[in-house]
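Proteins get letters first, then strands, A, B, ... in listed order; numbering begins at 1 in each. Note that these values count all heavy atoms, side chains included, but never hydrogens, waters or copies made by symmetry.
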Amino acid sequence: MVGKAIALDYKNLFDLAPCGYVVVGDDGRVLVANDWITSLLGYAAGELDGKRLREIFTMAGRILYETNLAPLLQIQNTVSEVTLDLKRRDGMAVPVIMAASLVPGSSKAADVVRIVFVQAGERRQYERELLDARKTAEQGLREQQADGELREQFIAVLGHDLRNPLASISAATRLLAKEAVSDRGRQVIGLMQGSVLRMSGLIDNVMDFARARLGGGIGLDLTIEDTLEPLIDQVVQELRASRPDQEVATTYAITRSVQCDPSKIGQLVSNLLGNALTHGDRQQPVRLVAETTDHMLRLSVSNGGDPIPDAALARLFDPFVRGQSQGYREGLGLGLFIAHEIARAHSGTLTVSSTPLETCFTFEMPLRH
Amino acid sequence: MSAVFRNNIKITGSGTRCMLFAHGFGCDQAMWRFVAPHFEDSYRVVAMDHVGAGGSDLSAYDARKYATLDGYASDIVEIGRELEIRNGIFVGHSVSAMIGVLASIAAPDMFDTLILVGPSPRYIDDGDYVGGFSASDIEELLASFADNPLAWSASMAPAIMGNPDRPELGDELTRSFCRTDPKIAHEFARATFTADNRHDLARVTAQTLILQCREDIIAAEIVGDYVRAHIPGSTLTLLDATGHCPNLSAPHEVTTAMRHFLSPNPV
């Protein structure tokens, strides 16, 4: 083996190597170029020797070499994986990958730069296709983002505009309730007020959803509430009135003040109770427990009935999850998502457990942020 | 935000006068590593990276601001204000020569001396004026950024493991030099190669030294002569070095010419 290595014909290896070799002197002229690169660029054997290196570069290649590659060679003696174009004798560009090293001179010899070129036409084509694909994907993503934003803005505007006529209906039913109406009329007004309440809850959810998705997250208007019980109980009363046939059992043990956005906490309670009333077994009571510990506010809402399947459980707090049980005919499937976002905005958590015995949602938040 | 942070300012040396080194297109402050240390004994030496290059704060890049050399020049003036530079020396290579010209016009008290290495007030030929490039050359250059962005990306300057021949590079061997973001490099190339600062030259009041190389395809000798003829009272020194980066290829020659200009009669 050793004998064979010594017998290598280096001149032949240089000229007939499957890549281009160029050795450049410190005056920027080619000292010697091998046959491979010479013929690739359309020159006769030996014709590149003595030419300036720049003559085989395209204009972009020359500027890249002078402003970046030459300094790098001086600083770190080597560059590699440079992708550039060489210029053939007829002016055509030839894509190549280049590596170079600078061999520092001595007192007797000047610096020389050794350069290797490998053809890279196919690869350049592939890179270009990748680049185009990336551009197309980025463009598609930008369009989708713009569309999504528009949709969410639309939801926000729609929700806002729906509130005004709803407020008029609400005021009108209150006025009517004060008039002398028949028992049947009173019943109808009660149903109407229940519907107004539910619709206003839906609008709140839709608007909070749009706001949460538009990037701002759910905004809080924080105050310190010395007692949350009346606020929570008001929500309970409203829902009781709209579902007179179902029982809601409450336990309150709120002994500490809580820093929160009271209207959002009311919304969270309303969403959880509404969910339990809709999906729970109507024969069993819905139980609400609201209590404070030393550091936490805990609110739980539980109902009986069929447990939520495991598959649905995992996605329960995603927006628009619905239809996993017979219920969910009303509402947009936003209630639990919004409740979850409200919990998060209060640095709290909303969790769920579901067994054949009961399904229970628990909200916990620190008393102070 | 602090210009010192934004432009990755490194201050070394001691002295009452400040000497600020600015790099050209395609590289970073590493460009001055063989020259700047020689002035640390008598000057407060300041090295910087233009925004988009080297260790600068890329988040400070603003395509509108840096669409022309004025944006880069305003950064120099900000650096000078923060460091309270007065009667300082600005040393600019390549495009930074013109950036320094603009900065010295904007703040004449900040730099009373300009050292311009390979300056060009306009790269594109115009009538009788020879800049060295045709308009189509520069179009080709700018098109190459879109066509072959990898050529201008940081991946071509890989960190290298070690270099026993150059012990002076020390632990910095592990980092990449002359890192550039291809998109920023594209816009910097446009700002550089389409600039026309010929009319600014006459407004320079600083003492000016032009260092000109032989066989420099970026800024040819005829361009150096033009700059000398148009900056009032300027001096041109033709170096033996060839190419565009004598600060790296012939640092001793550059240092000697600078010293000679700064104190022609050494005691």
Could you go step by step and tell me if A/Gln74 and B/Met31 meet the side chain to side chain contact (heavy atoms under 4.5 Å, CB included) rule? CA-CA 9 Å; A/Gln74 294 283 348; B/Met31 192 55 123; over 6 Å; no
Using a 6.0 Å cut-off, check whether atom [atom1] of [X] has over 12 heavy atoms from anything other than its own residue.
X        : atom1 : result
A/Tyr21  : OH    : no
A/Glu122 : CD    : no
A/Arg114 : CZ    : no
A/Arg344 : CZ    : no
B/Ile222 : CD1   : no
B/Tyr129 : OH    : yes
A/Arg142 : CZ    : yes

Does the pair A/Asn68 and B/Phe25 meet the rule for a side chain to side chain contact (heavy atoms under 4.5 Å, CB included), with working shown? CA-CA 8 Å; A/Asn68 190 286; B/Phe25 169 80; over 6 Å; no
Got a second to check how far [X]'s [atom1] is from [Y]'s [atom2], nearest 0.5 Å?
X        : Y        : atom1 : atom2 : result
A/Tyr65  : B/Ile218 : OH    : CD1   : 12.5 Å
A/Arg52  : B/Ile217 : CZ    : CD1   : 10.0 Å
A/Ile63  : B/Glu140 : CD1   : CD    : 8.0 Å
A/Met59  : B/Ser144 : CE    : OG    : 11.0 Å
B/Cys245 : A/Ile75  : SG    : CD1   : 8.5 Å

Against chain A, label [X] side chain, backbone, both or neither, depending on which of its atoms sit under 4.5 Å from a heavy atom there.
X        : value
B/Ala219 : neither
B/Phe193 : side chain
B/Thr242 : side chain

Tell me, do A/Arg54 and B/Glu215 make a side-chain contact under 4.5 Å, heavy atoms counted? yes
Between A/Arg124, A/Glu127, A/Met98, which residue shows the highest count of heavy-atom pairs closer than 4.5 Å to chain B?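 Highest number of heavy-atom pairs under 4.5 Å: A/Arg124.
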Which of the residues A/Thr58, A/Asp27, A/Asp111 is involved in the greatest number of heavy-atom pairs with chain B at under 4.5 angstrom?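 Ranked by contacts with chain B, first place is A/Thr58.
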Could you check which of B/Asp137, B/Asp216, B/Leu142, B/Asn247 has the highest count of heavy-atom pairs closer than 4.5 Å to chain A?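 Most heavy-atom pairs within the cutoff with chain A belong to B/Asp137.
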What part of A/Leu131 gets within 4.5 angstrom of chain B, counting heavy atoms only: side chain, backbone, both, or neither?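 When you check distances to chain B, only side chain atoms of A/Leu131 fall under 4.5 Å.
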Let's go through A/Leu72 and B/Cys27 carefully: what are the C-alpha distance in whole Å and the side-chain angles of both, what is the deciding distance for side chain to side chain contact (heavy atoms under 4.5 Å, CB included) to 0.1 Å, and is it a yes or a no? CA-CA 8 Å; A/Leu72 277 174; B/Cys27 205; 5.8 Å; no
